[in-house]
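Here is the structure we will look at, set down as structure tokens.
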Amino acid sequence: MRDILPNSASDGPLHAAIQQLEQAAKLIGLDDAVLAKLENPKRTTIVSIPTKMDNGSLRVFTGYRVQHNMDRGPCKGGIRYHPHVNLEQIVALAMLMTWKCAVVGIPYGGAKGGVVCDPTEMSRDELERMTRRYTTELIEVFGPEKDIPAPDLGTSPEVMGWLMDTFSMNKGYSVPGVVTGKPLAIGGCRGRREATGRGCTFIIQEACNSMGMKMDGSTLVLQGFGNVGSAVAELVYPTGIKIIAVGDVHGAIHNSNGIDITKLLQHARETGTVTEFPEAEALPNEELLTLDCDILVPAAIEGVITQANADRISAKMVVEAANAPTTPEAHDILLNRDIFVVPDILANAGGVTVSYFEWVQSLQAYFWSAEQVNKQLEDIMVRAFHAVYDEAQRRETDMRTAAMTLAVGRVAEAISTRGIYP
Ligand code: GLU
């Protein structure tokens with residue numbers, strides 16, 4: 001990795017991902033050559049995306065697709081549209097996808113893609129043209145047996161529909177298996193939209209059971225109210241959990257008696273934000289994560305729990321619905337303070353798990369009911385939680401390290417079984 005990105009920041013997500021990998025490698029006694037293979041992504045593609053804007057001008061966006069590993073199956077991972085997208089971040093997130101797929105035992109390697117853009121400032125037509133050109137530039141990279149993208153920050157089922165259509169038009173026939181998170185009308189999967197949140201809810205349930213905590217009456221603070229955060233809120237609410245604070249990019253709200261989530265979902269649908277919800281007080285965003293609560297769920301972006309606030313986090317448990325929300329230094333502080341942390345590669349793996357179901361259905365052209373999808377998701381999430389929990393007990397370590405030793409061990413076994421070509 002140091003070879004391909006020599007200037008990566010020492011406090012950035014890639015440095016953190018490598019640190020986690022090296023720590024797991026040491027614990028399982030991983031061969032140095034295999035470690036070197038896993039530190040470097042298999043293939044990195046950078047494309048420029050000339051796009052006609054509505055005012056007649058031309059803008060050239062930069063896009064990435066990083067395929068980290070393919071030893072356990074085709075590459076899998078989302079595409080994000082965000083102004084802060086950069087290569088270092090995409091490589092780190094691709095690596096996390098490899099571990100995520102391995103930890104829940106689905107037959108994929110990891111990938112991630114992104115375009116540096118601000119989708120909130122682009123029209124629907126501009127987004128469509130940019131997506132179609134991005135897909136065309138990566139036409140040889142994507143494919144149902146090679147690399148299957150999905151939604152991530154700033155992308156939606158509609159964007160996946162354009163991607164599927166562009167890929168299919170280039171091939172000359174419909175290829176629904178090239179992408180997941182598609183709209184239902186073109187082969188999407190029931191339950192995919194809320195799958196990350198649903199998976200996370202199963203994990204919260206198992207984590208509470210393991211710690212002898214009851215969900216009913218426990219307090220929860222949620223950072224992020226996008227696709228993942230809003231689904232977590234909607235699905236944990238009926239268990240009797242009291243969601244006492246919620247934040248999004250615009251601000252945060254607090255009500256120590258618990259927020260009525262049905263009303264908040266309605267308010268957010270109407271106004272586009274959780275702020276100014278009439279039945280709660282405004283809260284500065286920087287106070288959200290450090291509020292006194294039982295369960296803290298960061299469900300927004302990476303690097304929000306840092307050295308600067310980790311010693312003030314007062315939750316009993318942190319469940320990482322976002323990717324890489326906790327820096328390694330902050331993770332150590334949380335562990336020293338006996339806070340139970342369920343890592344991202346386990347807690348948010350419900351999304352890619354249902355993506356896997358969608359891909360299987362697309363390949364077979366045979367579709368499942370919502371009940372089938374949710375039941376299979378529950379089985380996989382519950383099994384994965386206990387596998388990681390048992391590994392943590394056995395190694396007398398934390399959940400993140402245990403998830404990593406399991407995942408890296410599985411990928412390493414695939415590598416040694418296949419051997420190095422030629
Ligand atoms: N973007 C999601 C993630 O980070 C889903 C990836 C997928 O479904 O392929 O897990």
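Just so we're clear, the structure is a prediction, and the values are computed from it rather than from any experiment. Counting starts at 1 for both ligands and their atoms, following the listed order.
- With sequence neighbours left out, the side chain to side chain donor-acceptor pair (under 3.5 Å) criterion links Asp398 to Thr401.
- Enumerated by chain and number, the residues approaching ligand 1 to less than 4.0 Å through a heavy atom are Lys76, Gly77, Gly78, Met97, Lys100, Lys112, Ala150, Pro151, Asp152, Arg192, Asn323, Gly351, Val352, Ser355.
- Contacts of Lys146 classified as side chain to side chain donor-acceptor pair (under 3.5 Å), with partners at least two apart in sequence or in another chain: none.
- Salt-bridge formation is detected for the pair Glu302/Arg80: a Lys NZ or Arg NE/NH1/NH2 atom is positioned less than 4.0 Å from an Asp or Glu carboxylate oxygen.
- Relative orientation of the His267 and Phe277 rings is perpendicular, given thresholds of 30° and 60° on the angle between their planes.
- Under the 30°/60° scheme for interplanar angles, the aromatic rings of Trp359 and Tyr356 are found to be tilted.
- His254 pairs by the ring-ring contact (aromatic ring centres under 6.0 Å, His included) definition with nothing, not counting sequence neighbours.
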